[in-house]
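Below: the structure, in structure tokens.
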Amino acid sequence: MARERGVQVVTRWGHTLTDLDALLKRHPGGKPTTTYSSFLNHLDKQLKAVPLAVLNKPRQLPPVVDADLAGLGASAATSASSSAAPASDAADAFGVPSAAALCLGPATSGVILRGGETEALARMEACLSQQGGAWVAAFEKPSTSPTEIDPFGQHTRSTTCLSPYLKFGCLSARVLHERVAAVYAAHPKHAKPPTSLHGQVYWREFYYACAHGTPNYEMMAANPICRQIPWEDDPELLAAWREARTGYPWIDAAMTQLREEGWIHHLARHAVACFLTRGDLWQSWEKGAEVFEELLLDADPAINRGNWMWLSCSCFFYQYFRCYSPVAFPKKYDKDGAYVRKWLPQLKDFPAKYIYEPWKAPIADQKKANCIIGQDYPKPIVNHELKRALTQQKLPMSKKVLPRVEP
DNA sequence: GAGACGTTGAGCTT
DNA sequence: AAGCTCAACGTCTC
Ligand SMILES: Cc1cc2nc3c(=O)[nH]c(=O)nc-3n(C[C@H](O)[C@H](O)[C@H](O)COP(=O)(O)OP(=O)(O)OC[C@H]3O[C@@H](n4cnc5c(N)ncnc54)[C@H](O)[C@@H]3O)c2cc1C
């Protein structure tokens, strides 16, 4: 349309660090790689062609929204010049449709994050200045904790929690990259990819580049990089996982935080994704990705689908014996189960000894904690210990047998 | 074709 | 705390 009308169109790559077409041209055969270290070699070269980010000043005028284009009809038409236009039920004074006009119900979560670039920059700067830059310089992703009680609060945090801002373009990946580089310059002994904070931004770029150059990246079938796995299809198991009633408090607490806050820590995503797919329930990673896309504030198909393939050993990562235990893993971070107590208040008075496997608590303890397993909180829908016993048998797959267990 | 290596496991031995 | 083993791994380098 612009061309027909003689309007010049200027296109810039801004959502990623690099121009993904140019980045892929640096890959052998123009094909994306599925290994991070080779990716970094190509990225290093392309980064040299990336100009410094321009941080635009805030606009003087509110943007003009064409009500016809937005499908709202003439009555909702407003513009910057008609500043006296009253807000209608369907849209505010800037023409932004109301939640009701978009057929959305009232807010269901008490957690409200302020959006926008101003807020994003303030949050980024808060991270950068933490411990005078030492926090950013020392950032090692695998050793951050997934059980923070108030991850978006103003105090010190486990990870940056900037993902919703990056997803919506409130925060430029290039701005973040440059600001972190400035901190590194002042701290010569800073961490390095893949575990550093720069490394995290490069993981984002990695999945974007891979998605950009891979047909059917978002699914298993007809996806050339995705291992074809005969997942089972059990709607009951999927629903129990989605609705936080697996009977494993760590899994259910994370799924509850996901629904309430729209965000969980990276390692909590690992835990619930592993549990749904290769670890325990053997359900398709695509089903899990759909749930994440509904519930995550930072939901991003390139990153989300890529990480689901990773966790399910469908691409990028294949060490199947690195498997998360829904009981042992959270104990490393939260011995007393404060995170579980916050998100699953039914269990708040449960003894710490049984907080991650409450079905093992004697009935007297259950009564004392006011929480009967099977009644106030579900029994486990799957036996993780049994599955582990199976993988640990030192036998060829064909000779393995399920050990007998008590009902 | 062998060997190193892979952001983030568990459970055991030393 | 650090090192070892998983007996269903895949990719890259030499
Ligand atoms: C199954 C699964 C699904 C995921 N789905 C999403 C998603 O939909 N959207 C999303 O943004 N992230 C997703 N992630 C990646 C990661 O968990 C989040 O980006 C991270 O937890 C966001 O928190 P943060 O901003 O504090 O991260 P930080 O550790 O502070 O990292 C800074 C930024 O780097 C990027 N980043 C960090 N980790 C990754 C990663 N593993 N892959 C790609 N980019 C990364 C993000 O943009 C993040 O905001 C997923 C991970 C898993 C295991």
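Keep in mind it's a predicted model, so treat the numbers as computed, not measured. Reminder, nothing fancy here: chain letters follow the sequence lines and each chain counts from 1.
Taking the C1' atom of each, C:dG10 and B:dA10 are spaced 22 Å apart, rounded to whole Å. When the C1' atom is used for both C:dT5 and C:dC9, the distance is 16 Å, rounded to whole Å. For B:dT7 and C:dA1, the P atoms lie 25 Å apart once the distance is rounded to whole Å.
A:Phe329 comes within 4.0 angstrom of the backbone, heavy atoms only, and of no base.
Between A:Leu267 atom CG and B:dT7 atom C1' there is a gap of 10 Å when expressed in whole angstrom units. Put simply, CD on A:Gln228 is 16 Å from C1' on C:dG10, counting in whole angstrom units. Summarising the geometry, the separation between CD on A:Gln319 and P on C:dC9 is reported as 11 Å, rounded to the nearest angstrom. A straight line from CH2 of A:Trp310 to P of B:dT8 spans 7 Å, rounded to a whole angstrom. A:Phe39 has its CZ atom 17 Å from the C1' atom of B:dG6, to the nearest Å. Taking atom CD of residue A:Glu357 and atom P of nucleotide B:dA10, one finds them 13 Å apart after rounding to whole Å. Remark: C1' of B:dC5 and CZ of A:Phe317 are 13 Å apart, rounded to the nearest angstrom. As a whole-Å value, the separation of A:Arg278 CZ from C:dC9 P is 14 Å.
For B:dT8, the OP1/OP2 oxygens have a side-chain nitrogen or oxygen of A:Arg322 closer than 4.0 Å. Note on A:Lys332: every side-chain N or O is 4.0 Å or more away from OP1 and OP2 of B:dG9.
When all heavy atoms of A:Lys287 and A:Asp233 are compared, the pair lying nearest together is NZ-OD1, 3.6 Å. For the residue pair A:His187 and A:Gly132, the shortest heavy atom distance occurs at CE1-O, 3.3 Å. Across every non-hydrogen atom of A:Pro215 and A:Pro224, the tightest pair is O-CD, 3.4 Å.
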Which pairs would a plain distance check flag for residues 364-375 of chain A, meaning a side-chain donor or acceptor within less than 3.5 Å of a matching protein atom at least two apart in sequence or in another chain?
{"residue": "A:Gln366", "atom": "OE1", "partner": "A:Ile373", "partner atom": "N", "Å": "2.9"}
{"residue": "A:Gln366", "atom": "NE2", "partner": "A:Ala361", "partner atom": "O", "Å": "2.8"}

Please tabulate, one pair per line, all N/O donor-acceptor pairs under 3.5 Å involving side-chain atoms of residues 294-309 of chain A, not counting sequence neighbours.
{"residue": "A:Asp298", "atom": "OD1", "partner": "A:Arg269", "partner atom": "NH1", "Å": "3.2"}
{"residue": "A:Asp298", "atom": "OD2", "partner": "A:Ser163", "partner atom": "OG", "Å": "2.7"}
{"residue": "A:Asp298", "atom": "OD2", "partner": "A:Arg269", "partner atom": "NH1", "Å": "3.4"}
{"residue": "A:Asp298", "atom": "OD2", "partner": "A:Arg269", "partner atom": "NH2", "Å": "2.8"}
{"residue": "A:Asp300", "atom": "OD1", "partner": "A:Tyr208", "partner atom": "OH", "Å": "3.3"}
{"residue": "A:Asp300", "atom": "OD1", "partner": "A:Ala302", "partner atom": "N", "Å": "3.2"}
{"residue": "A:Asp300", "atom": "OD1", "partner": "A:Ile303", "partner atom": "N", "Å": "3.4"}
{"residue": "A:Asp300", "atom": "OD2", "partner": "A:Tyr208", "partner atom": "OH", "Å": "2.5"}
{"residue": "A:Asn304", "atom": "OD1", "partner": "A:Trp308", "partner atom": "NE1", "Å": "3.2"}
{"residue": "A:Asn304", "atom": "ND2", "partner": "A:Ala289", "partner atom": "O", "Å": "3.2"}
{"residue": "A:Asn304", "atom": "ND2", "partner": "A:Glu293", "partner atom": "OE2", "Å": "2.9"}
{"residue": "A:Arg305", "atom": "NE", "partner": "A:Glu293", "partner atom": "OE2", "Å": "3.0"}
{"residue": "A:Arg305", "atom": "NH1", "partner": "A:Glu218", "partner atom": "O", "Å": "2.9"}
{"residue": "A:Arg305", "atom": "NH2", "partner": "A:Glu293", "partner atom": "OE1", "Å": "2.9"}
{"residue": "A:Asn307", "atom": "ND2", "partner": "A:Ile303", "partner atom": "O", "Å": "2.9"}

Could you run down the sub-3.5 Å N/O contacts of the protein with nucleotides 4-6 of chain C?
{"residue": "C:dC6", "atom": "OP1", "partner": "A:Lys394", "partner atom": "NZ", "Å": "2.3"}

Check nucleotides 11-14 of chain C for protein N or O atoms closer than 3.5 Å to its own N or O atoms and list the pairs.
none

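In terms of the salt bridge (Lys or Arg N to Asp or Glu O under 4.0 Å) criterion, A:Arg242 has no residue partners (sequence neighbours excluded). By the salt bridge (Lys or Arg N to Asp or Glu O under 4.0 Å) test, A:Lys167 pairs with no residue at all, sequence neighbours left out. With sequence neighbours excluded, the residues satisfying salt bridge (Lys or Arg N to Asp or Glu O under 4.0 Å) with A:Glu125 are A:Arg179. Annotation: salt bridge (Lys or Arg N to Asp or Glu O under 4.0 Å) contacts of A:Lys331 (sequence neighbours excluded): A:Glu357.
Base-pairing analysis of DNA chain B finds the following stems of at least three consecutive Watson-Crick or G-U pairs, with both pairing distances under 3.5 Å: B:1-6 with C:9-14, B:9-14 with C:1-6.
Taking the six-membered ring for Trp and thresholds of 30 and 60 degrees, A:Trp241 and A:Phe292 have nearly parallel ring planes, at less than 30 degrees apart. Using the six-membered ring where Trp is involved, A:Phe39 and A:His27 have ring planes that are tilted, between 30° and 60° apart.
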_Set out, in order, the CA-CA distance, both residues' side-chain angles and the distance that settles side chain to side chain contact (heavy atoms under 4.5 Å, CB included) for A:Trp250 and A:Val327, then state yes or no._
CA-CA 7 Å; A:Trp250 158 238; A:Val327 174; over 6 Å; no

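Set against B:dT7, B:dT8, B:dA10, the side chain of A:His270 has B:dT8 as its closest nucleotide.
Checking side-chain atoms of A:Asp334 against main-chain N and O of A:Tyr339 turns up a donor-acceptor pair under 3.5 Å. Within the 3.5 Å criterion, the main-chain N or O of A:Ser145 finds a donor-acceptor partner in the side chain of A:Ser158.
Within the structure, salt bridge (charged side-chain N to carboxylate O under 4.0 Å, His left out) contacts touching residues 369-388 of chain A (residues at least two apart or in different chains) are A:Lys360-A:Glu385.
The existence of a salt bridge linking A:Arg341 and A:Asp336 is excluded, since no basic side-chain nitrogen approaches an acidic carboxylate oxygen closer than 4.0 Å.
Shown for residues 172-200 of chain A: residues whose heavy atoms fall under 4.0 angstrom of DNA chain B, namely A:Pro194, A:Thr195, A:Gln200. Against DNA chain B, the stretch residues 23-32 of chain A makes no heavy-atom approach under 4.0 Å.
You'll find the ring centres of A:His212 and A:Trp13 inside the 6.0 Å limit.
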